[in-house]
Amino acid sequence: MNIRINNQPFSVPDNTCLTAALASYGEVPLLYAIAINGEFVPRAQHSSRELKQGDRIDVIKPVVGG
């Protein structure tokens, strides 16, 4: 199925969970936040969150400072 990670086309098998998709994409540091279709996904749900055709995944780097 086709999804987008950081606005780049990416293909994964059907029934792929978020953790597996991110592992295929490349290493994502633990401090990064993940959103699917604009909605934050808590780290505890990454392995149980199954992706759907067309999902947009954003890997968000934390920003510090003021």
Checklist line | Rounded distance (nearest 0.5 Å) linking atom CZ of R43 with atom OG1 of T19 | finding: 9.5 Å
Margin query: On a heavy-atom basis, which atom in A21 and which in L51 lie closest, and how many Å separate them?
Written below: CB-CD1, 3.5 Å
Item checked: T16 backbone acceptor or donor facing E50 side chain under 3.5 Å -> no
Margin query: Check for me, please, whether I60 and L18 land in the same ILVMFWY cluster - side-chain distances under 4.5 Å, paths through other members count.
Written below: no
Next item on the list: Might you point out which heavy atoms bring M1 and N15 nearest each other, and give the distance in Å?
Entry: CE-N, 4.0 Å
Next item on the list: Among residues two or more places apart or on two chains, list those pairs meeting salt bridge (Lys or Arg N to Asp or Glu O under 4.0 Å) that have a residue in residues 53-64.
Entry: R49-D55
Margin query: Assess the residue pair F10 and V12 against the criterion (side chain to side chain contact (heavy atoms under 4.5 Å, CB included)); give the C-alpha distance rounded to whole Å, side-chain angles, the decisive distance to 0.1 Å, and a yes or no.
Written below: CA-CA 7 Å; F10 200 72; V12 294; 3.7 Å; yes
Check: If you take all heavy atoms of C17 and S47, which pair is closest and at what distance?
Finding: CB-O, 3.5 Å
Checklist line | From CD1 (I57) to CD1 (I5), nearest 0.5 Å | finding: 4.5 Å
Item checked: Pairs flagged by salt bridge (Lys or Arg N to Asp or Glu O under 4.0 Å) wherever residues 12-40 is involved - sequence neighbours left out -> none
Next item on the list: Run the numbers on Q53 and I3 for side chain to side chain contact (heavy atoms under 4.5 Å, CB included), then give the verdict.
Entry: CA-CA 6 Å; Q53 173 71 19; I3 61 173; over 6 Å; no
